[in-house]
*Asks:* 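Next up is a structure, given as structure tokens.
Chain A is the first sequence line, chain B the second, and so forth, proteins listed ahead of strands; every chain is numbered from 1.
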There are 2 protein chains.
Amino acid sequence: MRIGQLAQLVGVETQTIRFYEQQGLLPPPDRQDNGYRVYTEKHGEGLAFIRRCRILGLSLAEIHELQSYQDDPHQPCTAVNALLDDHISHVRSQITALQALEKQLVSLRASCNDDREVEACGILAGISEGNMHQQ
Amino acid sequence: MRIGQLAQLVGVETQTIRFYEQQGLLPPPDRQDNGYRVYTEKHGEGLAFIRRCRILGLSLAEIHELQSYQDDPHQPCTAVNALLDDHISHVRSQITALQALEKQLVSLRASCNDDREVEACGILAGISEGNMHQQ
DNA sequence: TAAAACTATAAAGCTACTATAAGGTCAATA
DNA sequence: TATTGACCTTATAGTAGCTTTATAGTTTTA
């Protein structure tokens, strides 16, 4: 299987595959005589794993960590659980921050309407004067 | 006022100020004979405006856009309102996405506990097999 | 046979800074 | 006076996770 086929199979760009290889997340595949990479099903699974992790918002470093656990299958999986717990709390704090931000933005938006000139714009005035009433 | 004082006043690093100048967000200040930048209150206000926008999550490009409106004070502020509306909907979709992600992560986390070996880890298995039951 | 589609590498670009290097300036101190 | 320390200057590289571009070789298709 060549790189283009693998890319299509998993739904990524070929450059992304090369990038993961370069970052040490995908093992370097064998090469044909012409230098083309040849992939196996294993590579497909590895790549799919990476993509699912990315969809879950894990960083490449975290994925690397997970891979290192996979390579040592008889250790307790405490660290995997901890990694996920950390990530969950990270996501939660992002949500909290964004919700506070949304509130601020909505109240700022309420301070203006389309019928004004920029000079009198409540939004620009609000930002300029720092009336962002963050709590 | 020199760059260090301005930085302390607004609460940013001196490099950040130079960076904004380079990006065209802060007008280049006058220089002393020795080359040191000299700032006025105007610069302080401009910098504070930028920082407040950044706290609101606006990109440098969006800030640039707002500045261009400020330079044209007799236009209707429709575009400002629209920019904010867009940003609000952007923030909202981020929140929605993160909430869905949190759900996925929590359900994945529930599929394992600390008493297993990596080999039997419900989380790794879940990711590997794509049981991420995204809806 | 020639063009289209694929592959390769290397390097730059993206965002919004932050950090580092190497050096010039200035006031106060030993 | 020499030097220390705090400040300033520019230029360059690093961060994350790719994407884009440039340049070139290979394979497939018309």
Side-chain angles (χ1 to χ4, degrees), chain A residues 1-26 28-40 43 46-67 83 86-87 90-91 94 97 101, chain B residues 1-26 28-40 43 46-67 83 86-87 90-91 94 97 101:
Chain A
M1 186 191 244
R2 295 195 315 197
I3 197 169
Q5 298 169 269
L6 178 62
Q8 196 166 22
L9 189 69
V10 181
V12 295
E13 306 247 348
T14 55
Q15 299 101 312
T16 306
I17 297 175
R18 294 191 197 100
F19 172 73
Y20 288 152
E21 178 184 335
Q22 185 198 316
Q23 299 298 304
L25 291 170
L26 266 183
D30 287 342
R31 302 282 186 131
Q32 290 178 348
D33 292 346
N34 56 17
Y36 286 15
R37 292 171 174 81
V38 187
Y39 292 98
T40 65
H43 288 98
L47 181 54
F49 181 84
I50 296 171
R51 290 311 311 184
R52 293 200 200 95
C53 288
R54 292 293 300 133
I55 287 167
L56 293 173
L58 299 176
S59 68
L60 299 191
E62 287 169 322
I63 296 171
H64 209 82
E65 203 179 325
L66 287 183
Q67 289 177 332
L83 193 155
D86 283 355
H87 190 56
H90 180 232
V91 167
Q94 270 186 268
L101 177 59
Chain B
M1 185 190 246
R2 294 194 315 200
I3 197 168
Q5 298 169 268
L6 178 61
Q8 197 167 19
L9 188 70
V10 181
V12 297
E13 306 248 347
T14 55
Q15 298 103 311
T16 305
I17 297 175
R18 293 191 197 100
F19 172 73
Y20 288 153
E21 178 183 336
Q22 187 199 314
Q23 298 297 305
L25 291 169
L26 266 183
D30 287 342
R31 302 281 185 134
Q32 290 178 350
D33 291 347
N34 56 17
Y36 289 13
R37 291 172 175 81
V38 187
Y39 291 99
T40 65
H43 288 98
L47 181 55
F49 181 84
I50 296 171
R51 290 312 310 186
R52 293 199 201 95
C53 288
R54 293 291 301 132
I55 287 167
L56 293 174
L58 299 176
S59 69
L60 299 191
E62 288 168 323
I63 297 171
H64 209 83
E65 202 180 325
L66 287 183
Q67 290 178 333
L83 192 154
D86 282 355
H87 190 55
H90 180 232
V91 167
Q94 269 186 269
L101 177 59

*Asks:* Rounded to the nearest 0.5 Å, what's the gap from CZ on B:R18 to CD on B:E13? Could you check?
*Replies:* 10.5 Å
*Asks:* May I have the distance from A:I55 (atom CD1) to D:dG17 (atom P), rounded to whole angstrom?
*Replies:*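 Going from CD1 in A:I55 over to P in D:dG17 covers 15 Å.
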*Asks:* Over how many whole Å does the gap from A:F19 atom CZ to D:dT19 atom C1' extend?
*Replies:*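 It works out to 10 Å between those atoms.
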*Asks:* Please report the distance, rounded to the nearest Å, between CG in A:L58 and P in D:dA16.
*Replies:*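 For the pair A:L58 CG and D:dA16 P, the rounded distance is 15 Å.
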*Asks:* Measure CD/A:Q23 against P/D:dA16 and give the value in whole Å, please.
*Replies:* 9 Å
*Asks:* Check whether A:R54 reaches the backbone of A:L58 with its side chain - one donor and one acceptor, N or O, closer than 3.5 Å.
*Replies:*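 Side chain of A:R54 to backbone of A:L58: a pair is present.
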*Asks:* 5'-most contact on DNA chain C: A:Y39 or B:L60, nearest heavy atom basis?
*Replies:*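 Here A:Y39 is the residue nearer the 5' end.
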*Asks:* Quick check for you: to the nearest 0.5 Å, what is the distance between A:E62 atom CD and A:L56 atom CG?
*Replies:* 10.5 Å
*Asks:* How close do A:R2 and A:Y39 get, heavy atom to heavy atom, and via which atoms?
*Replies:*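 Result for this residue pair: C-CD1, 4.1 Å.
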*Asks:* If you pin A:Q32 and A:T16 to their nearest nucleotides in DNA chain D, which one's is more 5'?
*Replies:* A:T16
*Asks:* Which one of B:I50, B:L25, B:V12 satisfies the side chain to side chain contact (heavy atoms under 4.5 Å, CB included) criterion with B:I17?
*Replies:*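 Going through the options one by one, the only one that passes is B:V12.
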*Asks:* Using a 3.5 Å distance criterion without hydrogens, assess whether the side chain of B:Q8 forms a donor-acceptor pair with backbone atoms of B:Q5.
*Replies:*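 No, because the side chain of B:Q8 does not come within donor-acceptor range (under 3.5 Å) of the backbone of B:Q5.
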*Asks:* Mark up nucleotides 5-12 of chain D, 5' to 3', with B wherever a protein heavy atom is under 4.0 angstrom from a base atom, S wherever such an atom reaches only the sugar-phosphate, and - elsewhere.
*Replies:* --BSBB--
*Asks:* What's the spacing between A:R52 CZ and A:L47 CG if we round to 0.5 Å?
*Replies:*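 So the gap between those two atoms works out to 9.5 Å.
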*Asks:* When you look at CG of B:D30, are more than 12 heavy atoms from neighbouring residues, nucleotides or ligands closer to it than 6.0 Å?
*Replies:* no
*Asks:* Which is the 5'-most and which the 3'-most nucleotide of DNA chain C that has an atom under 4.0 Å from a heavy atom of chain B?
*Replies:*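 So the outermost contacting nucleotides come out as C:dA16 to C:dC26.
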*Asks:* Whole Å only: how far is the CD atom of A:E13 from the C1' atom of D:dC18?
*Replies:*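 Computing the A:E13:CD to D:dC18:C1' distance gives 10 Å.
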